[in-house]
Every structure is written in C-alpha cells, then in structure tokens.
Amino acid sequence: MMSNHLKFINLAHDIALKNLGKTFPNPSVGCIISKNNKIISKGVTSSTGRPHAEEVALKKAGKKSRGATMYVTLEPCFHSSQNGSCSDQILRSGIKEVYVSCIDQDPRTKNKSISKLKRNKIKVIVGIQKEKTLSTNNFFFKSILKKKPFTKVKMAISSDYKIAWSNYKSKWISNSKSRNYVHNLRSKSQAILTTSKTILKDNPRFTVRKNNKIIKYLNVVVIDKNLNIPLYTKVLKNLHERRVIIFTSKKNPKSQKLKQLGCEIVEMKSEYNKLNLKKICSHLYKLKISDLLVEAGGILFADLIKNKLIDEIHLFKAPIIIGEKGIPVIEGSSLKNINKKLIETIKFEDNLYSKYEVI
C-alpha cells in the first residue's frame, strides 16, 4: 500500500514542477485526489497564484471527493480566500485522509491546517518526499525565513575567472547551448536584478526566448543611484507585460517621466555613496518579489557577497583565457573564497555549468 502512496505523492510533485516559475510569489504546489487507488482528479497552483492546487483538484473531483484520499506537496492554506481556506474546502469535501509532503512555513498556515484537519477526524500523514518540496520551492522557504528575495547570481566566465575584456568588447563568453540554458534559469525566476551601468553598457531586453521568439518579459529591478537609465532603453518597452522597479537616491524630472511610462520608483538615501542592498532586498520582499536572478557586473556581485545576500551561484565557464587586464568575476575579491556547496554540473559542449548553494 505504501508504494501507491509514494507513487501518488511523486506524481503530485511532477505536476508541481510544470508550473514552477509561474506562480510567484506563491509556491508551485501539486495535488492528486484518489479513490480505491485510482486517480479521480489532479490540480496545480495556477499561474496567478490562485486558485491553489487543492482548490483545482477538489473542483474537478466534485462529489467524488467524499471518502477519497488527497496527496499534496505542501500543507493546505489556512488563511481565507474567495472560497474559504483550502483546509476548510477539504473539510467540506468529505476527504477522509490527506498526505502532505511538507509543512508550510508561512506563519498564516504553519501547522494550523494540519491541526485543524486532525481535530476534525481527518487522517493526516506528513513528511513523504519532503525534500522534493523543499527543493522545488527553495525560493519560497528561503524568502520566508530571511524576509528577503531568494537571490541567484548568473555569470559567464573565462578559465581565468574574468567576465569580459578590459574594453568590454567581448560580446559572448559562453556558447549558444549555455545561453539557451540561461533562458531556462530566467523562466524559473520572478525578476532580474541589475544596475543602470549594465543597462547603459549592454541595453539588454531581459526576456525569456525560445527558438529566438520572446515567450516572457521578466520583471526587472534596477539599482540606479543617479537615475541614469535612458528613457529609450529596451527594458522600458512592453511595460504592460512586466514590472520595472527602479531604486534611486535622485529626485528629478525624469522620475515623473519614468512613472508615466509605468515604472515603480523607490527613492532612498544613499549611504557611503551607495544604495543599501539589504534595505533594497527588504523592500522588494514587501513588494512581493520573492525570487531574483542577478545579471550584472562584478561590482554588484561583490557587494551582494559582502552583504551575505546571495543564495545560489550559477557559473558558465568557457575554455578561454582573457588575461590579467580582463574584468574579474568579483571586483576586489575571489570566487574561490566564497563558502559554497556544489549542487550540480552540466557540460554544454566545451562549457561547464556549475550550480552552487552559498552556505
């Protein structure tokens, strides 16, 4: 019998993975409802965060839910919504037992739904494949714990740990397969964190592309102390498709023009001629930004490391030598000195991709 429970909870995890990167700031949750060891409905968190996976599965199952078993990757929510909390909907449905992979760390729900279901004579089993939930929704658990966005840094580097030639004329360091994988990373991210310097230098679009076709405009967070971002830059196009949040210490007529375009302007005092990165991250969390992919230069990378704000590092190393005059991956420091744990490596022809967890 346990093999069936494991099969159904693993299937719920497979379903959750399908919407990963689409449900921010909510986690992507999968749900299976079975009866007599046969699946009667499936659900996954919708791309807008609502309805939740349990709501979807219960609606599909209808009256068949009575006496059935639910398998869900995260504790059902306790807080209210249009149709009541997921725990209340489960109680109304007649579900007799619930298998939950992982307890929700959101204070509004943590252990509350599980306790309520048990008080109402529903059998609840917690912990099967917990690590899968923690891995899939790493951003969710880490951002709640730290009250800041889960922050990932992406860098393409040479064999001698440089990100560009001294004149910045090195357009690409990584190969096309590595760059395609970057779009996979982007697709699972809520927003790009960058600087006005990067925008002025590269004028990036910050989109997710497949077969050279734009399939998603990513939210963009720009650190721009002096409000240098040009009004004609590519990231300010298609603002009906994305959020652009600009942190600055300057208040000038350009602020109003940027707001009219649809940008969100956050003014804050500079400290030692810089904007405080910890305060920026704290503010972003309040704006419901829970996941960031950093695409910028070595100076921002170094400042993020110094402030202990990085959770993951994604490196694409190419077999080229740039030399001593090249731009280092971290300004004034060394990547080797960062306390990190290797999670994964992939070969993209002659490029080596390495994923690290910062400890």
Nearest heavy-atom pair of [X] and [Y]: which atoms, and what distance?
{"X": "Ser255", "Y": "Ile265", "answer": "O-CG1, 4.0 Å"}
{"X": "Cys31", "Y": "Ile15", "answer": "O-CD1, 4.3 Å"}
{"X": "Lys188", "Y": "Phe24", "answer": "O-CZ, 3.4 Å"}
{"X": "Asn19", "Y": "Ser47", "answer": "ND2-N, 4.2 Å"}
{"X": "Ile214", "Y": "Arg205", "answer": "CD1-NH1, 4.1 Å"}
{"X": "Ser28", "Y": "Thr23", "answer": "N-OG1, 3.4 Å"}

Atom [atom1] of [X] with >12 non-hydrogen neighbours under 6.0 angstrom:
{"X": "Lys340", "atom1": "NZ", "result": "yes"}
{"X": "Lys121", "atom1": "NZ", "result": "no"}
{"X": "Lys216", "atom1": "NZ", "result": "yes"}
{"X": "Asn252", "atom1": "CG", "result": "yes"}
{"X": "Lys147", "atom1": "NZ", "result": "yes"}
{"X": "Lys130", "atom1": "NZ", "result": "no"}

Reported [atom1]-to-[atom2] distance for the pair [X] and [Y], which is rounded to 0.5 angstrom:
{"X": "Thr73", "Y": "Asp104", "atom1": "OG1", "atom2": "CG", "value": "10.0 Å"}
{"X": "Ile223", "Y": "Asn276", "atom1": "CD1", "atom2": "CG", "value": "10.0 Å"}
{"X": "Phe78", "Y": "Ser87", "atom1": "CZ", "atom2": "OG", "value": "6.0 Å"}
{"X": "His314", "Y": "Glu344", "atom1": "NE2", "atom2": "CD", "value": "9.0 Å"}
{"X": "Asn219", "Y": "Ile192", "atom1": "CG", "atom2": "CD1", "value": "9.5 Å"}
{"X": "Gln190", "Y": "Leu293", "atom1": "CD", "atom2": "CG", "value": "12.0 Å"}

Do [X] and [Y] sit in the same hydrophobic cluster, where Ile, Leu, Val, Met, Phe, Trp and Tyr count as joined when their side-chain heavy atoms come under 4.5 Å apart?
{"X": "Leu20", "Y": "Leu11", "value": "no"}
{"X": "Leu258", "Y": "Val222", "value": "yes"}
{"X": "Leu193", "Y": "Val182", "value": "no"}
{"X": "Leu342", "Y": "Ile346", "value": "no"}
{"X": "Met155", "Y": "Leu300", "value": "yes"}

### Query
So, Ser270 versus Asn273: side-chain donor-acceptor pair below 3.5 Å or not?
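No, no side-chain donor-acceptor contact under 3.5 Å.
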
### Query
Parallel, tilted or perpendicular for Phe348 and Tyr353, by the 30°/60° rule?
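Tilted, since the angle between the ring planes falls between 30° and 60°.
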
Okay, side chain of [X], backbone of [Y]: is any donor-acceptor separation there less than 3.5 Å?
{"X": "Lys254", "Y": "Leu227", "result": "yes"}
{"X": "Ser113", "Y": "Pro76", "result": "yes"}
{"X": "Thr109", "Y": "Cys77", "result": "no"}
{"X": "Glu75", "Y": "Ile114", "result": "yes"}
{"X": "Ser189", "Y": "Leu292", "result": "no"}
{"X": "Lys210", "Y": "Ile215", "result": "no"}
{"X": "Asp106", "Y": "Arg108", "result": "yes"}
{"X": "Ser115", "Y": "Asn111", "result": "yes"}
{"X": "Ser174", "Y": "Arg179", "result": "no"}
{"X": "Asn203", "Y": "Lys234", "result": "yes"}

#### Entry: Passing option when Lys35 is tested against Ile40, Thr69, Ile95 for side chain to side chain contact (heavy atoms under 4.5 Å, CB included)
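Answer to the side chain to side chain contact (heavy atoms under 4.5 Å, CB included) test with Lys35 among Ile40, Thr69, Ile95: Ile40.
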
Salt-bridge present ([X], [Y]; N to O < 4.0 Å):
{"X": "Lys250", "Y": "Asp224", "result": "no"}
{"X": "Lys152", "Y": "Asp291", "result": "yes"}
{"X": "Lys42", "Y": "Asp14", "result": "no"}

### Task
Under the side chain to side chain contact (heavy atoms under 4.5 Å, CB included) rule, what do Glu357 and Asn138 come out as? Steps first, then yes or no, please.
CA-CA 11 Å; Glu357 176 189 358; Asn138 201 11; over 6 Å; no

### Task
Show your reasoning for whether side chain to side chain contact (heavy atoms under 4.5 Å, CB included) applies to Met268 and Leu275.
CA-CA 7 Å; Met268 58 195 314; Leu275 297 183; 3.9 Å; yes

### Task
Tell me whether the centres of the aromatic rings in Phe8 and Tyr99 are closer together than 6.0 Å.
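For Phe8 and Tyr99, the ring centres are not under 6.0 Å apart.
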
### Task
Walk me through it: do Asn10 and Gln129 pass the test side chain to side chain contact (heavy atoms under 4.5 Å, CB included)?
CA-CA 8 Å; Asn10 280 336; Gln129 299 294 63; 2.6 Å; yes

### Message
Between Lys274 and Lys225, is the side chain to side chain contact (heavy atoms under 4.5 Å, CB included) condition met? List the steps.
### Response
CA-CA 7 Å; Lys274 287 186 176 183; Lys225 183 171 70 73; 5.5 Å; no

